[in-house]
Visitor: 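Got a structure for you, written out below as structure tokens; questions coming shortly.
Order of the sequence lines sets the chain letters (A, B, ...), proteins ahead of strands, with each chain counted from 1. Values in this document were obtained by computation on a predicted structure and should not be read as measured data.
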Protein chains: 2
Amino acid sequence: MNNTNGIIGQFSRITEAANLIIKNELSARKIEGIVPAHGPILVFLFEQSGPIPIKTIVQKIRRVKSTVTAMINNLERNGYISKQPCQRDTRIINVELTAKGNNIRKDFFEISEILINKTYNNIPENQQQDLMKQLSVIESNLT
Amino acid sequence: MNNTNGIIGQFSRITEAANLIIKNELSARKIEGIVPAHGPILVFLFEQSGPIPIKTIVQKIRRVKSTVTAMINNLERNGYISKQPCQRDTRIINVELTAKGNNIRKDFFEISEILINKTYNNIPENQQQDLMKQLSVIESNLT
DNA sequence: TGACTTTAGTTCGCCTACGAACTATATTTA
DNA sequence: TAAATATAGTTCGTAGGCGAACTAAAGTCA
């Protein structure tokens with residue numbers, strides 16, 4: 001039960017430590033209004049070549065649609081993305097990165113790189129692979 | 001940056017999967033008003049023999065005091081703990097488990113057990129230890 | 001065509017979580 | 001002792017996160 005001492009507590013401490021590094025890197029780069037939770041949305045938008053429906057984002061990131069609505073609005077308010085209704089099907093709202101949104105792409109991947117390097121620091125590559133395998137096993141054990 | 005594919009995303013998926021199991025176990029046991037985030041508070045209170053200041057809880061669990069205030073009030077409203085001001089130092093609010101709070105102790109440890117068993121299912125013990133060591137290394141790499 | 005159902009998003013209420021500001025009480029220090 | 005400072009908790013505003021209820025627009029079907 002989120003046992004502070006046990007392995008589950010260890011996973012959540014690592015996750016929180018990683019998120020803190022991300023926050024620090026973002027603020028060191030003067031990127032405002034972005035938090036780690038936006039990562040999955042942004043990484044998905046970076047892969048797109050045009051506007052995509054919010055629905056698509058909901059399906060990709062592991063969050064319910066009311067959460068996505070709120071985050072999309074926040075990202076829009078901060079100028080990283082823009083919304084426009086689809087004219088074929090007016091239920092749909094299409095979303096795409098603005099210039100400001102595209103500008104943080106490079107920082108985004110740099111931060112990912114930093115994070116991976118810090119994580120794997122002094123761990124030999126063959127052990128890295130074994131670790132990933134075991135984490136996959138654990139994830140499927142819990143799913 | 002919370003890279004969905006990378007190792008950090010793996011950690012957060014595992015954490016979320018574990019929290020989902022906890023929620024399901026709690027609701028299967030008809031325990032209401034308790035969520036995984038309460039775990040660290042409860043486990044700490046289970047170890048105490050008498051009322052303790054909120055300050056002490058803040059120091060133990062990794063949350064700021066305003067968060068703890070809210071959770072304590074929630075746990076009190078749901079009848080799991082009681083608050084009483086300390087008479088020596090009236091700034092201090094002492095907190096302890098109620099009978100209802102003590103009643104979930106057993107479920108709490110059962111759920112922890114279930115979680116650990118599911119996590120480590122089909123992973124031999126020597127590998128479990130190696131894994132814990134590597135997770136410690138990673139945590140300190142990120143801290 | 002008109003009723004029914006599905007779908008896409010939003011809204012609302014509640015909680016965790018944070019940081020900053022605030023209150024009230026102790027403690028220190030001048 | 002009076003003033004300054006430290007400490008314990010609360011409050012407030014904001015955001016992520018969820019589920020349930022809601023709106024509006026398509027799509028389906030009789």
Side-chain angles (χ1 to χ4, degrees), chain A residues 1-2 12-13 15-17 19-20 22-24 26-27 31-42 51-78 80-95, chain B residues 1-2 12-13 15-17 19-20 22-24 26-27 31-42 51-78 80-95:
Chain A
M1 186 162 189
N2 220 348
S12 68
R13 281 195 301 277
T15 303
E16 289 184 18
N19 284 338
L20 184 59
I22 293 168
K23 280 183 211 164
N24 290 340
L26 288 168
S27 79
I31 297 173
E32 289 175 12
I34 301 290
V35 294
H38 299 151
I41 294 181
L42 293 175
I52 53 158
I54 293 178
K55 173 79 192 291
T56 316
I57 300 176
V58 172
Q59 288 166 333
K60 274 291 164 184
I61 78 172
R62 303 165 130 260
R63 296 295 166 240
V64 302
K65 57 187 184 173
S66 57
T67 298
V68 175
T69 294
M71 286 197 290
I72 291 292
N73 288 341
N74 188 5
L75 289 169
E76 187 195 24
R77 182 161 20 91
N78 282 283
Y80 294 102
I81 65 180
S82 65
K83 292 162 73 173
Q84 58 249 220
C86 171
Q87 55 268 69
R88 316 231 170 187
D89 184 339
T90 59
R91 293 172 302 182
I92 295 174
I93 306 279
N94 283 312
V95 157
Chain B
M1 187 158 188
N2 219 348
S12 70
R13 282 195 301 276
T15 303
E16 290 184 18
N19 285 338
L20 184 59
I22 293 168
K23 279 184 212 163
N24 290 340
L26 287 168
S27 79
I31 296 173
E32 289 175 12
I34 301 290
V35 295
H38 299 151
I41 294 181
L42 292 175
I52 54 157
I54 292 178
K55 173 79 191 292
T56 316
I57 299 176
V58 171
Q59 288 166 334
K60 275 291 165 184
I61 78 172
R62 303 168 128 258
R63 297 296 166 240
V64 302
K65 58 186 182 172
S66 56
T67 299
V68 175
T69 294
M71 285 197 291
I72 291 292
N73 288 341
N74 187 6
L75 288 168
E76 187 195 25
R77 185 162 16 91
N78 283 282
Y80 293 102
I81 65 180
S82 65
K83 292 162 75 173
Q84 59 250 220
C86 170
Q87 56 268 67
R88 318 234 169 185
D89 185 340
T90 58
R91 292 172 302 183
I92 296 173
I93 306 280
N94 283 312
V95 157

Visitor: Please work out if B/Lys55 contacts a base, only the sugar-phosphate, or nothing of the nucleic acid, heavy-atom cut-off 4.0 Å.
Guide: sugar-phosphate
Visitor: Between P on C/dC15 and OH on B/Tyr80, what's the gap in Å once rounded to a whole number?
Guide: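 Going from B/Tyr80 (OH) to C/dC15 (P), I get 13 Å.
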Visitor: Taking side-chain contact (heavy atoms from CB on, under 4.5 Å) as the test, write out the residues that go with A/Ser27, two or more places apart.
Guide: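 By the side-chain contact (heavy atoms from CB on, under 4.5 Å) rule, A/Ser27 matches no residue at all.
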Visitor: Taking any atom closer than 4.0 angstrom to a non-hydrogen atom of chain B, what span of DNA chain D does the protein reach, first nucleotide to last?
Guide: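 Using the under 4.0 Å cut-off, the span is D/dA6 to D/dT11.
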Visitor: The criterion is side-chain contact (heavy atoms from CB on, under 4.5 Å); which residues satisfy it with B/Lys65, sequence neighbours excluded?
Guide: B/Val58
Visitor: Does B/Asn24 have any side-chain hydrogen bond (donor to acceptor under 3.5 Å, both in side chains) partners at least two apart in sequence or in another chain, and if so, which?
Guide: none
Visitor: Does any donor-acceptor pair link the side chain of A/Thr69 with the base of C/dG9 at a separation under 3.5 Å?
Guide: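 No pair found.
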Visitor: Please give, in whole Å, the distance from C/dG9 C1' to A/Met71 CE?
Guide: 14 Å
Visitor: Considering only heavy atoms, which members of residues 84-91 of chain B lie under 4.0 Å from some atom of DNA chain D?
Guide: B/Arg91
Visitor: Of A/Lys23 and A/Thr67, whose nearest nucleotide on DNA chain C comes first from the 5' end?
Guide: A/Thr67
Visitor: Using a cut-off of 4.0 Å on non-hydrogen atoms, how would the nucleic acid contact of A/Lys83 be classed: base, sugar-phosphate, or nothing?
Guide: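 Sugar-phosphate, no base atom in range.
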Visitor: Using whole Å, report how far CG of A/Asn94 lies from C1' of C/dA8.
Guide: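 Answer to the nearest Å: 11 Å.
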Visitor: Going by side-chain hydrogen bond (donor to acceptor under 3.5 Å, both in side chains), name the residues that satisfy it together with A/Asn73, two or more places apart in sequence or in a different chain.
Guide: A/Lys83
Visitor: Classify A/Asn74 by what it touches in the nucleic acid, base, sugar-phosphate, or nothing, heavy-atom distance under 4.0 Å.
Guide: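 A/Asn74: backbone/sugar contact only, no base atoms under 4.0 Å.
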Visitor: Side chains of B/Asn19 and B/Val35: does their closest heavy-atom pair fall under 4.5 Å?
Guide: no
Visitor: How would you list, by chain and number, every residue that makes a side-chain contact (heavy atoms from CB on, under 4.5 Å) with B/Ser82, sequence neighbours excluded?
Guide: B/Gln84, B/Glu96, B/Thr98
Visitor: Specify the separation, in whole Å, of atom CD1 of B/Ile22 and atom C1' of C/dT16.
Guide: 15 Å
Visitor: Name all residues meeting the side-chain hydrogen bond (donor to acceptor under 3.5 Å, both in side chains) criterion together with B/Asn78; count only those two or more places apart in sequence or in a different chain, and write none if there are none.
Guide: B/Asn74
Visitor: Sequence neighbours left out, what pairs pass salt bridge (charged side-chain N to carboxylate O under 4.0 Å, His left out) with at least one residue falling in residues 85-95 of chain B?
Guide: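 For residues 85-95 of chain B: B/Asp89-B/Arg91.
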Visitor: Could you pick out which residue, A/Glu16 or A/Ile93, lies toward the 5' side of DNA chain C when each is mapped onto its nearest nucleotide?
Guide: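 Nearest-nucleotide comparison on DNA chain C picks A/Ile93.
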Visitor: Side chains of A/Met71 and A/Ile41: closer than 4.5 Å at any heavy-atom pair?
Guide: yes
